[in-house]
Q: 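Input: one structure, supplied below.
All residue numbers refer to positions in the sequence shown, counting from 1. The shown structure was predicted, so the numbers you read here are calculated from the model rather than taken from an experiment.
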Amino acid sequence: MQFKHAPAAVSAVFDDPNLVSAAGLVPMLRLAQQAGLAELAQGRLSVPSDKGSNAGAKVVALVAGMLAGADSIDDMNLLRHGGMGHLFDRTYAPSTLGSFLREFRFGHVRQLDAVASRVLVSLTSHAPLLQLDPGERVMVDLDDTIIEVHGYQKQGASFGYSGVRGLNALIATASTTSSAPVILGQRLRQGKTGSPKGAARIVGDALATLRRTGATAGARPLLRADSAFYGHATVGTAITAGADVSVTVRMDSAVKAAITTIPDDAWTMIEYTDSIRDETTGQLISKAEVAEVPFTAFRSRKKAERIAGRLVVRRIPDLNPRQAEQPTLFDIYRHHAFFTTTDKKVMDTVVADKTHRGHAIIEQVHADLKAGPLAHLPSGMFTANSAWLVLAVIAFNLTRTAGVIADKAGRLARATTATIRRTLIHVPARLARSARRITLHLPKAWPWQTSFDRLFTATHAPPPTVTT
């Protein structure tokens, strides 16, 4: 592609009051309105002083800025250009929104958590966010991540397990084989916080939210987590809430002893990195094998608190044995084990291992958030940043819903937030007003016109007729 005109023939003037750069905010905020975001925030938030007034409108403004790509308070100026004032009411100044966030305390963050949970439940009634195939169940993934921050005035910032100075965000997501993840729960913590701290509370809240969505369909959801969350508090809470677990275990003495009891003929080759099938026999050729053994977790606790299940072990040849002349069991192979309470009739050894490795999907959610609103935590106050995280989650779930509505079986249904923002939200438009009506004139031959039209029509449809 080459520039068509001579430089002297082109000029730039910022003078059109009827242009907007993100016309996709119109259907997005209509979707938020249908989900009851403003009403829920207005009714549940009790942020004090004049800075907390009109909480519902301010929450919607912050979420709208995040939908448009804002990752700091100053970026909220995205809402105050061109014809935005003709499309939306109360486009607050960034300073007003920043003052609102700084009034938050921990109780207000928990109130906002309740708003996020109820908005997600409402969104599931507008779009099939968690589609289940026959016999399938929902996967709930739990993991934390460090959000890097800079400067010494960020409350709670410190060096955590990753060696990066930042704050710790704990996220719980839900997904199925045919549906991209949505976020069920979130919590911002100090950077030095250990991963399992407060995890049981998040698990309980997340599974309660999942039940309210109706997505479980009678099948027990499966909680997947890494070894940092292998503890009675987290696992016990999940089981009490009606879920199964699939949690990586630490290689302690009990686990090592259980692995030694697995007979040599019990190992099965699995489809793993660089695995191939023999062209003649069709058998799988792989360096990874799996086996399992019955296992009771937390045997040091009283009998009522012990949890019976299966220890599924994957072993991979150790290419760097520590004792080449006298190799032992754990020198020849590297073992990766996880504990699961799923019945073997529901999920055999090979399927259980493959399903557990799917836990890595939550890392994509972390990356998605960090590529958007969580690129920065904008305030020096810890509670303001905690509220920012919750608002980022609301925006994430809204974009996920928009993608499903716009393209149920296509690419946008599983696309990242950045892709949905580029195709459905960052659509430039010129406003034309006539007879108390506003027409958005969008670019001709927009590649995603069909998806945008589908989203716009769904969010601007008249309310259903009430039959008596």
Side-chain angles (χ1 to χ4, degrees), residues 106 109-110 112-113 116-117 120 139-150 154-175 181-210 221-238 241 243 245-250 336 338-339 356-377 382-397 417:
F106 178 74
V109 176
R110 290 294 291 154
L112 195 57
D113 284 339
S117 172
L120 175 59
M139 300 295 161
V140 178
D141 292 290
L142 179 71
D143 203 1
D144 61 342
T145 185
I146 298 296
I147 304 171
E148 185 176 8
V149 300
H150 305 278
K154 295 278 188 182
Q155 290 182 349
S158 55
F159 292 95
Y161 60 83
S162 65
V164 173
R165 188 174 186 275
L167 294 170
N168 184 300
L170 180 61
I171 303 288
T173 67
S175 61
V182 294
I183 300 178
L184 297 174
Q186 63 289 315
R187 185 69 49 81
L188 189 67
R189 307 177 296 179
Q190 293 185 18
K192 63 183 179 181
T193 301
S195 295
K197 184 177 180 180
R201 180 67 177 268
I202 287 288
V203 168
D205 291 348
L207 291 174
T209 299
L210 182 62
L222 179 65
L223 173 71
R224 300 184 295 197
D226 60 31
S227 60
F229 302 96
Y230 179 66
H232 185 270
T234 304
V235 174
T237 299
V245 298
S246 180
V247 185
T248 305
V249 299
R250 292 177 288 275
H336 305 270
F338 64 92
F339 173 75
H356 181 76
R357 284 186 277 128
H359 169 65
I361 193 173
I362 195 172
E363 300 294 345
Q364 300 173 12
V365 177
H366 291 163
D368 196 319
L369 291 171
K370 290 180 180 180
L374 296 190
H376 303 93
L377 290 173
F382 179 80
T383 49
N385 289 328
S386 297
W388 184 268
L389 170 62
V390 183
L391 294 168
V393 166
I394 295 174
F396 178 90
N397 288 335
T417 298

Q: Work out which heavy atom in L184 is nearest to a heavy atom in A174; give both atom names and the distance.
A: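 Heavy atoms only, the tightest pair is CD1-CB, 3.6 Å.
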Q: Show the nearest heavy-atom pair for residues F382 and G156, with the distance to one decimal.
A: CD1-CA, 4.5 Å
Q: Do D205 and S117 touch side chain to side chain, with heavy atoms closer than 4.5 Å?
A: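 Heavy-atom side-chain distance check fails, nothing below 4.5 Å.
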Q: Nearest 0.5 angstrom please: K370 NZ to I147 CD1, how far?
A: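 Those atoms lie 6.5 Å apart.
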Q: Hey, could you give me each pair passing side-chain hydrogen bond (donor to acceptor under 3.5 Å, both in side chains) that has a residue in residues 227-237? Not counting sequence neighbours.
A: none
Q: First locate atom NE2 of H356, then atom NE2 of H336, and finally report the distance between them rounded to the nearest 0.5 Å.
A: 10.5 Å
Q: A side-chain contact here means heavy atoms from C-beta on lying under 4.5 Å apart; do Q186 and D113 qualify?
A: yes
Q: Between R189 and S195 (side chain of the first, backbone of the second, donor and acceptor by atom type, cut-off under 3.5 Å), is there such a pair?
A: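 Yes, R189 side chain to S195 backbone: donor-acceptor pair under 3.5 Å.
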Q: First locate atom CG of L377, then atom CD of E148, and finally report the distance between them rounded to the nearest 0.5 Å.
A: 11.0 Å
Q: Under 4.5 Å between any side-chain heavy atoms of L170 and L142, yes or no?
A: yes
Q: Where is the tightest heavy-atom contact between T417 and F396, given as atom of each residue plus distance?
A: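 Closest pair (atom of T417, atom of F396, distance): OG1-CD1, 3.7 Å.
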Q: Are side-chain heavy atoms of P373 and L391 found at a separation under 4.5 Å?
A: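 They are not in side-chain contact.
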Q: I'd like to check N168 versus Q190 (side-chain heavy atoms, cut-off strictly below 4.5 Å). Are they in contact?
A: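 A side-chain contact under 4.5 Å is absent here.
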Q: Is there a donor-acceptor pair closer than 3.5 Å between any side-chain N or O of N397 and the backbone N or O of I183?
A: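 Judged by distance alone, yes, a pair lies under 3.5 Å.
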Q: Look only at the side chain of T145 and the backbone of H366, and say whether a donor-acceptor pair between them is shorter than 3.5 Å.
A: no
Q: Any side-chain heavy atom of L207 sitting closer than 4.5 Å to one from V203?
A: yes
Q: Locate the shortest heavy-atom distance separating L167 from A157; write the atom from each residue and the value.
A: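 Taking every non-hydrogen atom into account, CD2-N, 3.5 Å.
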Q: What closest approach, in Å, do A228 and P196 show between heavy atoms, and which atom pair accounts for it?
A: O-CB, 3.4 Å
Q: So D144 and K197, do their side chains get closer than 4.5 Å, heavy atoms only?
A: no
Q: Do L374 and W388 make a side-chain contact, defined as non-hydrogen atoms from C-beta onward lying under 4.5 Å apart?
A: yes
Q: Could you tell me the separation between the CD1 atom of I361 and the CE atom of M139, rounded to the nearest 0.5 Å?
A: 10.5 Å
Q: Which heavy-atom pair separates G166 from V149 by the least distance, and what is that distance?
A: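 Distance-wise, the nearest heavy atoms are CA-CG2, 3.7 Å.
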Q: Check side chain to side chain contact (heavy atoms under 4.5 Å, CB included) between H359 and all other residues, then give those that pass, not counting sequence neighbours.
A: D141, D143, R224, I362
